[in-house]
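Numbers restart at 1 for each chain; the letters A, B, ... are given by sequence-line order, proteins then strands.
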Number of protein chains: 2
Amino acid sequence: MNILFASQIEPPERWLPLLERALPEDRLFTNFREDVDVALVASPPPGTLAKLGRAKLIQSLWMGVEKLLADPSLPRGVPLSRLVDPGMVAAMSETVLAHALDWHRRLYRYREQQEEARWHRFRQYLASDHTIGILGLGELGADAARKLIGLGFKVAGWSRRPKALPGAESFSGEKGLGDMLRKTHVLVCLLPLTDKTQGIVNAKTISLMPKGGAVINVARGPHVVVPDLIAALDSGHLAHAYLDVFDTEPLPEASPLWRHPGVTITPHAAALTEPRTAVAAIAANVERVRRGEPPFNLVDFEAGY
Amino acid sequence: MNILFASQIEPPERWLPLLERALPEDRLFTNFREDVDVALVASPPPGTLAKLGRAKLIQSLWMGVEKLLADPSLPRGVPLSRLVDPGMVAAMSETVLAHALDWHRRLYRYREQQEEARWHRFRQYLASDHTIGILGLGELGADAARKLIGLGFKVAGWSRRPKALPGAESFSGEKGLGDMLRKTHVLVCLLPLTDKTQGIVNAKTISLMPKGGAVINVARGPHVVVPDLIAALDSGHLAHAYLDVFDTEPLPEASPLWRHPGVTITPHAAALTEPRTAVAAIAANVERVRRGEPPFNLVDFEAGY
């Protein structure tokens, strides 16, 4: 098959040798041709999507597909798959655990104290004293939940549709969201960005959380209403926020978030696609197309993810 | 039995109600009496130890017993038990994971960048690209190893006597130490402090580690030769150090460690004894004494832990 690799961001030199090894029968190229069977895309060059109407699969190299869906030139008749990369899923859980533990062990406060050479010990809590509430129970949320449960945290999860999560309490719907937030010390956003999830972390939802907790946003910037978050930090209702994603990226230098003492910022680096682990998932989908089977992880255009 | 609670540091009001509930037949008191059967001690008031020669058990409320052993008034004929508190063990693993992930995800570098409002993403590594080397494979080392393995890290462990560790590579002896260090990106010290382990993290041992790694010392200050550590940070051989323990505590304000950009300091707070989980272990040892059985976790006076 003819496989186009089209990305303005992902470096082809990290992908192509691995893809060639995984798909030795196929032809891989980076310049558009008319006879593309499968297009591997991540922020593709302008004009690329419009020409893919005859492809059998558009395979995103990323998990989030909201930018592809927002592009009017995306051919809606072609199956579109999100990438579920085990390396990226593991990376996301590492970041969620790092931040959850940073809050739980009060390391953000010890760093403040270090600046003043101050030796003062805070009260210690058991993991089972704290509930981590996860918004979104897809591959990312489920993996993070499993690992947090392994450390002894109470874990709650919320999803659009009811979903069971072994060892965790699961919630769904608007009432379920409030019920979860009222017991959530650390709120982790791992939702896809859709009309329904935009702004979900706002003054009202934050106010339902117990005082002194934290927000971890590793999904998309617009999930969080930033002025509401800053107000909650300034009032002391929230103790800390860990933000990896922003409405505008790179985060503008003038943003008050950079210098807010209650905010830890990372440059959209919580979890990156890892070619070494992703290529197997891509090759599996190419084989599905070759055999005429429906690809894995198809995007539901209606739901928006 | 008559049980003395003797500590200048542990607050009796957090312990006594739980101990009374766990040992309803026994008499608990905080002032010394001649007829003590079991003494629960953690930094006991001066003079207490000398009067315990007729006790059946001295039970430390802490895991580290090097200060008790260094006290010449400790009656050597009385069995001495370290405390193995599941809550404290879990807390230690939380701290080890938090620091290992902080280094692995480059969060310490992102914090530096945040100070300059700088948006720059570092290369991501898989957990399986990194080896965490653990010094000490007792209850603490084994629990941390298990949880690090669960996140996909390569784990190596070193102990005085050969010890198997499921899923990890284990080393022992002086040659084994060098072999482990040569593949260790993050060195975690969880050793008891003895003549043989003092100064184990020094210029020579650090130099064997690959460039760009980290040291996590959550055991005792004298395990690390501080000038050697600072030199390794200044030369760039080590990227970061996470220090919870120091030769002098509280760490003096004049210490260069406080303001070193490559050092994260916590005030001996990596893991505290947690009365809610420790009391069951203490009660189990009291029952052993009551039945005339040898207590759990007896200190080997020769080995020093």
Report task. Using a cut-off of under 4.5 Å on heavy-atom pairs, state which of A:Arg276, A:Glu116, A:Lys147 scores highest against chain B. Result -> A:Arg276
**Report entry** chain B contacts, top residue of A:Ala271, A:Pro252, A:Ala91, A:Gly152 (heavy-atom pairs, under 4.5 Å)
**Finding:** A:Ala91
**Report entry** B:Arg220 CZ to B:Asp244 CG distance, which is reported to the nearest 0.5 Å
**Finding:**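 Rounded to the nearest 0.5 Å, the CZ-CG separation comes to 9.5 Å.
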Query raised in the report: Roughly how far, to the nearest 0.5 Å, is the NE2 atom of B:His185 from the NZ atom of B:Lys183?
Result: 10.5 Å
Query raised in the report: When you check the side-chain N and O atoms of A:Trp119 and B:Glu249, is any donor under 3.5 Å from an acceptor?
Result: no
Query raised in the report: Does any non-hydrogen side-chain atom of B:Leu61 lie less than 4.5 Å from one of B:Pro275?
Result: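 With C-beta onward as the side chain, the pair stays apart.
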Under 4.5 Å heavy-atom distance to chain B, tell me which part of [X] shows up: side chain, backbone, both or neither.
X        : value
A:Asp129 : side chain
A:His120 : backbone
A:Arg123 : side chain
A:Arg121 : both
A:Arg109 : neither
A:Phe246 : side chain
A:Ala90  : neither
A:Ser255 : neither
A:Ala270 : backbone
A:Leu126 : both

Query raised in the report: At a heavy-atom separation under 4.5 Å, does B:Leu97 approach chain A through its side chain, its backbone, both, or neither?
Result: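 Interface part for B:Leu97: both.
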Between [X] (side chain) and [Y] (backbone), is there a donor-acceptor pair under 3.5 Å?
X        : Y        : answer
A:Ser93  : A:Ala144 : yes
A:Trp103 : A:Tyr242 : no
B:Gln8   : B:Ser43  : yes
B:Gln114 : A:Trp258 : yes

**Report entry** Selection from B:His104, B:His99, B:Arg259 maximising heavy-atom pairs under 4.5 Å formed with chain A
**Finding:**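 Looking at each of B:His104, B:His99, B:Arg259 in turn, B:His104 comes out on top.
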Query - Verdict with supporting geometry, A:Asp234 and A:His260, side chain to side chain donor-acceptor pair (under 3.5 Å) - result: CA-CA 9 Å; A:Asp234 289 344; A:His260 197 291; 2.7 Å; yes
